Amino acid sequence: MQIYNTLTRRKEDFVPLNEGEARIYACGPTVYNYFHIGNARPFTLFDTLRRYLAWRGYKVTYVQNFTDIDDKMINAAHKDGITIGELADRFIAEYKKDAKALNISPADIAPRATEHIGEIVALIQALADKGLAYESADGVYFDTQAYPGYGKLSGQSLQDREAGARIEVDENKKNPMDFALWKKKKPDEPHWPSPWGDGRPGWHIECSAMSMKYLGENFDIHTGGVDLIFPHHENEIAQSEGATGKPFVKYWMHNGHINVDNKKMSKSEGNFFTVRDIAEKFDLEAVRLFLLSSHYRSPINFSAELVEQAQNGLQRLYNARDTWKARLDCAVDRLPTPKEQKLIAQTLPALKEQFIVHMDDDLNTAGAVGVLYDLVREGNTALVNEPALVAARAANDLLAELCGVLGLLYREGEAVDPQIEALAAQRQQARAEKNWAEADRLRAEIGDRGYIVEDSPKGYILKKK
RNA sequence: GGCGCCAUAGCCAAGCGGUAAGGCAAAGGUCUGCAAAACCUUUAUUCACCAGUUCGAUUCUGGUUGGCGCCUCCA
């Protein structure tokens, strides 16, 4: 597989540090609110990366943190009159609901910053010992001047940065680019003990501490949105490599942003959508398909129309799955016809190979989704009435397998209400008697109850609306 | 000012040196009691524009135009 590495700005072969293993750290949400559509993109896409690598046989360890202490947490907790712990508990629970609806698998490890203060303090101490951190009146800062590699991820020198930076002069820092590792306690703020007095960790240090704790000082992939390249990821590199003297992350992957009406989403612009908002109007699985339908590095636009398009496309996928399942039920255990034989021996394997080629090319999910539709068409063409069991099974299995890799088609067909089933049977009877009026009436009644009944030569098929 | 990204049909979107995947929408057809679903056909002689490299460029190079992002919390 090839992965575009932000560090080198090119696609590189993915060669894990330990053969057969993939250790991934994904920057997770700050749990002070529901997460928004922009957050949903990396969560969904890198969940797909993880699924894909696992499918290809890697032993994947996927860590995604919860940031549960920072200014936003403090402000939100204050506003609601609760502790940051209560706030975090609440929105971690809400995160899990939305993530589940988007079919994002739980991370193998989901560490919370506040539960890793010890590791964070130790890391800061290590930096201080190496002369890369200094204490000032309001905290402990990373000394960017003392660390030669600063800027290698974002590709800019300190001087370039400073030239145009709109940074206020801060007398607590030696250099404007220095950033806080530890913030000394202020009134009404949560705090923990440290060698530099009570206080709380800076934002960047938590990811360094937690990623290295669970994945080692040197691991394979670190993911996040493009906006995190600077300063967050740049700072993580400085902290981690500064402390250990070893290379930190081998591959940095960054997803593009989601815009709304071609503008950056922001609360002040009024174009801000949480996933929870969207779930009220749309099926979140359509949102997942929408997100997978373009390349993860491209900026994309979000709109209701685009989700509707995805919803319609998703319906095509579900139609295929449902009809194929029905075909499987009435498949015949016989030798496949030449056409079916070709499907089994040539078409299906070729499609699977194409799927892999796309995914291997820097996680080209859009191309992979295209293969899914090709598969649907091939299957629809080949799986006519009473297909050979082996053919029906092969097509069904491949569709389920590939959709599983992309995290699609996860809605299980629920058991049909026996009453609906009875109505459908009655309608079948009426049709046999050519009592079209009664048949149409029953179809309407079934429709009112939320189901669509379709006729096929082998009988009816019920689908949920 | 520094760094970087993007421009493919009505909409969305792959492709990135060998002559334009796929989805949505639309139209016609086949099938069907009628539908639905499905299938077939049609919808970009062309990939923002201008040069250049090449036997050949949507794909590479330079420029122009138009959008966007980071440099401050941010996915």
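When reading the values below, keep in mind they use all heavy atoms of this one structure, side chains included, and skip hydrogens, waters and symmetry mates. Bear in mind that the values here come from a model prediction, so they are computed numbers and not experimental data. Letters go in sequence order (proteins before strands), and every chain restarts at 1.
Computed from coordinates, the Arg297(A) CZ to rA75(B) C1' distance equals 16 Å when rounded to whole Å. At whole-Å resolution of the value, OH in Tyr451(A) and P in rA35(B) are 26 Å apart.
The two residues Arg23(A) and Leu215(A) make their nearest non-hydrogen contact at NH1-O, 2.7 Å.
Counting only heavy atoms from C-beta on, Arg377(A) has its side chain closest to rC40(B) among rC40(B), rA36(B), rA13(B). For Arg427(A), taking side-chain heavy atoms from C-beta onward, the closest of the listed nucleotides rG33(B), rC71(B), rG22(B) is rG33(B). Of the candidate nucleotides rC12(B), rA75(B), rC70(B), rA75(B) has the atom nearest to the side chain of Asn255(A). Nearest to the side chain of Asn39(A), among rA75(B), rG33(B), rA14(B), sits rA75(B). In this structure, of rC71(B), rA37(B), rA75(B), it is rA37(B) that holds the atom nearest to the side chain of Lys463(A). In this structure, the nucleotide among rG33(B), rA36(B), rA14(B) sitting nearest to the side chain of Ile452(A) is rA36(B). For Glu454(A), the side-chain atoms get nearest to rA37(B) when compared with the rest of rC12(B), rA37(B), rC70(B).
When the options Arg297(A), Lys11(A), Arg10(A) are evaluated for a salt bridge (charged side-chain N to carboxylate O under 4.0 Å, His left out) with Asp362(A), the one that passes is Arg297(A).
Note on Gly38(A): a base of the nucleic acid sits closer than 4.0 angstrom, heavy atoms only. Heavy atoms of Val384(A) sit nowhere under 4.0 angstrom from any nucleic acid atom. Using a 4.0 Å heavy-atom distance criterion, Asp455(A) is classed as a base contact. Across all strands, Gln311(A) comes closer than 4.0 Å to no nucleic acid atom at all (heavy-atom distances). Using a 4.0 Å heavy-atom distance criterion, Ile258(A) is classed as a base contact. Residue contacts for Arg441(A): at a heavy-atom cut-off of 4.0 Å it reaches no nucleic acid atom on any strand shown. Residue-level contact check: Ile229(A) touches neither bases nor backbone, having no heavy atom under 4.0 Å from any strand. Residue contacts shown for His36(A) include a base, since a base heavy atom lies under 4.0 Å away. Using a 4.0 Å heavy-atom distance criterion, Asn319(A) is classed as a sugar-phosphate-only contact. Note on Asp440(A): a base of the nucleic acid sits closer than 4.0 angstrom, heavy atoms only. Using a 4.0 Å heavy-atom criterion, one finds that Arg9(A) contacts the sugar-phosphate atoms exclusively.
Residue Arg316(A) has a polar side-chain atom (N or O) positioned under 4.0 Å from OP1 or OP2 of rC39(B). Note on Asn259(A): every side-chain N or O is 4.0 Å or more away from OP1 and OP2 of rG69(B). Regarding contacts with the backbone of rG23(B), every side-chain N or O of Asn312(A) stays at 4.0 angstrom or more from both OP1 and OP2. The side chain of Asn380(A) places an N or O atom within less than 4.0 Å of a non-bridging phosphate oxygen (OP1 or OP2) of rC39(B).
Across the C1' atoms, rA48(B) and rA57(B) are found 16 Å apart, a figure rounded to whole Å.
Nearest-nucleotide positions on RNA chain B place Tyr4(A) closer to the 5' end than the other of Tyr4(A) and Trp436(A). Comparing Asp70(A) and Thr323(A) by the nucleotide of RNA chain B whose heavy atom lies nearest to each, the residue mapping closer to the 5' end is Thr323(A).
For the pair Glu94(A) and Lys97(A), the salt-bridge criterion is met [side-chain N within less than 4.0 Å of a carboxylate O]. In summary, Arg56(A) and Asp360(A) engage in a salt bridge, as defined by a charged side-chain N under 4.0 Å from a carboxylate O.
Within a 6.0 Å radius of CZ in Arg393(A), other residues, nucleotides and ligands contribute 12 heavy atoms or fewer.
Taking the six-membered ring for Trp, Tyr95(A) and Phe43(A) have ring centres closer than 6.0 Å.
Residue side chain Tyr373(A) fails the stacking definition with respect to rG22(B), as its ring centre and the base's six-membered ring centre are not both under 5.5 angstrom apart and under 30 degrees in plane angle.
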